[in-house]
Structures are given as C-alpha cells and as structure tokens.
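The chains referred to below are lettered A, B, ... by the order of the sequence lines, with proteins before strands, and numbering in each begins at 1.
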Amino acid sequence: MTSVIELGPHQLALEEPMYFRVKLEGDRVAGLDVQPGQVHRGMEHLVMRRNLYQNITLLERLCSLCSNSHPSTFCSAIEEVAGVAIPERAEYLRAVADEIKRIASHLFCCAVQANLIGQTALFRRAMEVREIMQRSKEAIYGNRMDLAANCIGGVRYDLTPDAAMYLARQMEAMKAPLDELYLQFQNNPAIMARTAGVGVLPRLEAIECAVVGPVARACGIDYDVRKKSPYGAYDRLEFSTSLQQAGDVRARNLVRLAEARQSVSLIEQCLAGLVPGPLCADLLPEIPAGEAVAKSEAPRGELVYYLRTDGTDFPLRLKWRVPSYMNWDALKVMLHGEPVANIPLIVNSIDPCIACTDR
Amino acid sequence: MTTLIDEVAALLAAAAGEETVATWRRDRKGVLTGWCRLSSADSLEAIGRAIASIQGRLSMVTAYLTEKAREKGGREIAYHFDLDGATLTLTVPLPLEGAQVPSLTPIFRNCDWHERELMELYEIQVVGHPDPRRLFLADSVPDAPFERLIPYSTFTNGAAGKALWEKVLAAKEKP
C-alpha cells in the first residue's frame, strides 16, 4: 500500500525546521522530497547591503555549529582579493578555532544519534565530553558558540602562555574519552545493531550526488579540503584523512569521532608551532576590485565562498555554498527501502545544518 | 599541476573553440584557481560534459546582477567546478531581459538545487531543468526578489508581523 506522510522537525529530533514529504510502500520509504526554506532569511541579499567588515559579524551568525568556518573562509576570500598574507601566528590561531569547533560539532552530532537509538547513557557521556570543549571555548573566547576569532588579515584573539597551557590540558583531557567513544560506536553490539548497514550510501551514488565531508569520507571518498586545497596552517600540520568504506550510519560516526581525535592532535601541533609575532596586519588593507574563491573544510565538509568586489567596501556579490546543501539529496538514496522508524536516525546521520542551507 | 592546466585548456578549446581560454592563479599555498569567460551560454553544456569527463565536480553556481551590469543591459552567472582541489570558474554573460541557460542538472545531479535557487531569485530561465519548482521561497512571494524591492513583510509572508499588530490594535481598543 502506497501512502505519503509529512515529517517535520519535531518528529525528526532536529533543532531546526526542515520538512520532508516521504512516500511509503507499507512501512518502507519509497520516495523523498526535501522541502527547505523555513528559515530562509535572504542573507545573500543582506550581505550586499553591509560592508565587508560588518559581514564578518553577520556571517558568524549564519549558523551555530560551524560558526567559525564562515567568517574565516570569508576573510580568506577578502585576503585573496587584497593580496594579503596573514601572519604565521594568526594561521595557527585560526586553525585552533576551527578545530575546537569541529570537535564540539562532531560530538554533538554523535550525541544526538545516540539519543535517537535509545542510548541515553551514551548521549549523556558524549555531551559530557563535549562540555570540555564548550568550557574551553568559554574560557578562551568568552563565548560557548560564536568565537569572534577572525578579522581581515588575521585574528582578533591571542593565546597567552597560560591560556595555551590551559588548552593543552583540556586537550589531554579529551584523549581518553574520545578513544572510548570511538570504541563504543565501533564495537558496542547494541549500537551496531541500530547503525551498521543502516542508511547505506554506496560509493558510486555518493560520487553522483557529489556529497562532501564526513558523509563522503564514510563512503571511501578521499576528499578533505585541508589536504586537497591547503589553507592557513594546514600545509604544515601532520594529519591523515579519516576514511571508512561501508557508507552507513556507523561509518559516518566513526569518521567523525576519528576526526575529532585528530583535531585534538592538530590543536596540540598548533600550540607547539605557535610562533611569536603579530596577530593581524597593522592597517586594514585596501580591498581592490577583484574576485576570489575560498574554500575550507567545515565540520560538515567543503565550504565554498565566492567574493566579487569593485573597490568599495561593499561586496558586489558574495555567495557561499555550505556542505549540507550538497548532502540532502543523498538522503533519497540512504532512506530508500528503510523502515519509517529509521528516518530520524538517518537524517541526523548526515549532520544536517538547516540555517546554513536556507541562508 | 601543469598537466591539469593543459588538460583543461584542451577541453575548453574542443568544447567551445580556441578563443575560450582560462587564466590560472596559484595562491601562497599552491592552490590553483582558474577563471574563464565564455562568450555566450551556447557552449555551456559541451563544457559541462567535458568537465564531467575528467571527474570534475560541480561545486557552486553564482548568479548575480550588479548595478553596472544592469545599466549595460547584462547579467552573469558564474559556474564553479572542483577539479580535485583546484577550482575552475566559468563566467557566462547573459542579457538582462529573457536570460536563458541550459540546465546542467542532467550532467551534474547536484546542480538541481543551485538551478532551482537561481531561478526563483533572478529572472533567469533554466531550460530543461527536470524539476523547476520553487526551492526556498513560498509561491506567494513574487518572482525574482533579488532584482526588485520587495517589502520585508511580504518576503516573510508577514504572518508574524500581522499577528503582532492585531494584538497591539486589539489591546488599544480595550477601554
């Protein structure tokens, strides 16, 4: 029997509004129509009515979980147009901010999924571990979500020797819990029963849908912007791309947890390499007429910014594409043939960001 | 990476003629960005297929209408492609009135939302799109809101604002 149901954020445990029209054959998913736009704020229009400096503040408020990726990538685009090289110390500090956000974002995603499969203790544990990151953010940046770390030509925060030592201790405190969470998601039979072989995205279809980030890497697609198009400090940092082959919910979470563990190492490398020096250029650079593309690896994957300027302070056009924008379509493949009960878990396994998608 | 530049040059020349040339920039980290202006949208499909043949990935589509371009009677769309870390941007000039581009969705499945979004924000027709419905905007919002002034209350359907004012007016009427 064919039927059509509509699912909203309350049924899907999403903290943001997104609607799905799901076609069912019996209790199995046979078709999907994603209906975005509930939080469309016309932000691409708003950015053209603000100057480049004001836009750093506005873009940080685009979304919460990847809030640092937007201003840092936007600043990279401006710096590319202006021909500005940011100081080495600033490159490391930008990477520190990005990696702190990545760990917190990945843990949040894994925690929500643990909750969805009834693993309340694991949910609490993941959020408890994430709290170490939240407190680190609050201590260093004065805020638990928006870090306000970036400015054109560098960063607007510094790590004093005390703050660097504090962060190093916090990173040390993350290691054992992150390893333990990885083992839980990898081997715990109760979790595997709900996540292994569920919501599978085969590699060829992943390439066809052009998915990015952990969703792609869980299908064996070896693509990480930090490796493929190095920016900031990443050309000097040692890390490998986290890969899985199964393309299921479990594989996506294992990629995230491996990446979170690697981010701890990246932050430690940044702290070790933190050379003394300026945090940003002395003077605000002239922004000439020009165009640039800047990319970064946000927690959810490749983030792309295109900036076009005409020599004034206002962008002629500023366009960005967030990783989630690419990943929604793959849900049609992941959900096909799955029971209704698995829909919330599979939707959350792509770690969707709706405020980012709608803009 | 020079092989990539040569490969793209050969593909562009074969798909759109010898005069279609990309210029490349390499940033401080060695990341390549290529920039190419097409003379019209006629060769877009052929170039799209050529880029797909070397495993290029559609990364983003940027439609825009600047004041200067509007005065000259033109507009542009920039198509950004990822070539294993390098980014190639193809800029297509279009007329202000009756702008049309062929859909790239049959070649790049992920072009779907990009094209649906630009169709609802700008007066550009995407020919051959398999599913040309509105993406983000409600059907009640007028076409091409990025090209004209639309009051914010109309844009957001005015539901919240209307409910608020009804409350305010009702409170005023009370003795």
Exercise. Can you tell which part of B:Arg134 gets under 4.5 Å to a heavy atom of chain A, answering side chain, backbone, both or neither?
Key: neither
Practice problem: Mind telling me whether A:Tyr325 and B:His114 have parallel, tilted or perpendicular rings, with 30° and 60° as the class edges? | Solution: tilted
Quiz item: How long is the gap from OG1 on B:Thr33 to CD on A:Glu80, to the nearest 0.5 Å?
Solution: 6.0 Å
Quiz prompt | Residue part contacting chain B, namely of A:Asp358, when any heavy atom lies under 4.5 Å | solution = both
Quiz item: Between atom CZ of B:Phe136 and atom NE2 of A:His40, what is the distance when rounded to the nearest 0.5 Å?
Solution: 6.0 Å
Self-check item: Greater than 12 external heavy atoms within 6.0 Å of B:Glu19's CD
Solution: yes
Quiz item: Based on non-hydrogen pairs under 4.5 Å, which of A:Glu291, A:Lys227, A:Glu44, A:Met326 is most in contact with chain B?
Solution: A:Glu291
Self-check item: Interchain contact, A:Trp320 with chain B, by part (heavy-atom threshold 4.5 Å)
Solution: backbone
Quiz item: Where does A:Val212 contact chain B at under 4.5 Å (heavy atoms): side chain, backbone, both or neither?
Solution: side chain
Quiz item: Should the pair A:Arg308-B:Glu76 be classified as a salt bridge under the 4.0 Å nitrogen-to-oxygen rule?
Solution: yes
Exercise. Inspect the surroundings of NZ in A:Lys23 and state if more than 12 heavy atoms from other residues, nucleotides or ligands are less than 6.0 Å away.
Key: no
Quiz item: At what distance, to the nearest 0.5 angstrom, does OG1 of B:Thr62 lie from CZ of A:Arg321?
Solution: 10.5 Å
Self-check item: Donor-acceptor contact present, side-chain A:Lys319 to main-chain B:Ala63, <3.5 Å
Solution: no
Quiz item: Of the backbone (N, CA, C, O) and the side chain (C-beta and beyond), which part of A:Ala330 lies under 4.5 Å from a heavy atom of chain B, both, or neither?
Solution: neither
Quiz prompt | A:Asp329 CG to B:Asn110 CG distance, which is reported to the nearest 0.5 Å | solution = 8.0 Å
Exercise. Measure the shortest side-chain to side-chain distance between A:Thr357 and B:Trp113 over non-hydrogen atoms and say whether it is less than 4.5 angstrom.
Key: yes
Quiz item: Is any NZ, NE, NH1 or NH2 atom of the basic residue among A:Glu205 and B:Arg109 found under 4.0 Å from an Asp or Glu carboxylate oxygen of the other?
Solution: no
Quiz item: If you measure from CD1 on A:Ile207 to CD on B:Gln55, what distance do you get to the nearest 0.5 Å?
Solution: 8.5 Å
Practice problem: Heavy-atom pairs under 4.5 Å with chain A are the metric here; pick the option from B:Arg133, B:Arg25, B:Arg28 that has the most. | Solution: B:Arg28
Practice problem: Please round to the nearest 0.5 Å and tell me the distance separating atom CE of A:Met48 and atom OG1 of B:Thr66. | Solution: 10.0 Å
Quiz item: B:Glu120 versus chain A, heavy atoms under 4.5 Å apart: side chain, backbone, both or neither?
Solution: neither
Quiz item: Is B:Asp82 salt-bridged to A:Lys295, going by a charged N under 4.0 Å from an acidic O?
Solution: yes
Quiz item: How far apart are the closest heavy atoms of A:Tyr305 and B:Met60, and which atoms are they?
Solution: C-CE, 4.2 Å
Quiz item: Is it the backbone or the side chain of B:Ser59 that comes under 4.5 Å from a heavy atom of chain A, or both, or neither?
Solution: both
Quiz item: Distance under 6.0 Å and angle within 45° of the ring axis: does B:Arg57 meet both against A:Tyr223?
Solution: yes
Exercise. Check for a donor-acceptor pair, side chain of A:Ser229 on one end and backbone N or O of B:Gly85 on the other, with a separation under 3.5 Å.
Key: yes
Self-check item: Shortest non-hydrogen separation from B:His80 to A:Val293 and the atoms involved
Solution: ND1-CG2, 3.9 Å
Practice problem: Examine whether an atom of A:Glu208 lies under 4.5 Å from a heavy atom of chain B, and if so say whether it belongs to the side chain, the backbone or both; otherwise answer neither. | Solution: both
Quiz prompt | Proximity breakdown for A:Gln38 and chain B, heavy-atom pairs closer than 4.5 Å | solution = neither
Quiz prompt | Heavy-atom contact with chain B under 4.5 Å, split by part of A:Asp224 | solution = neither
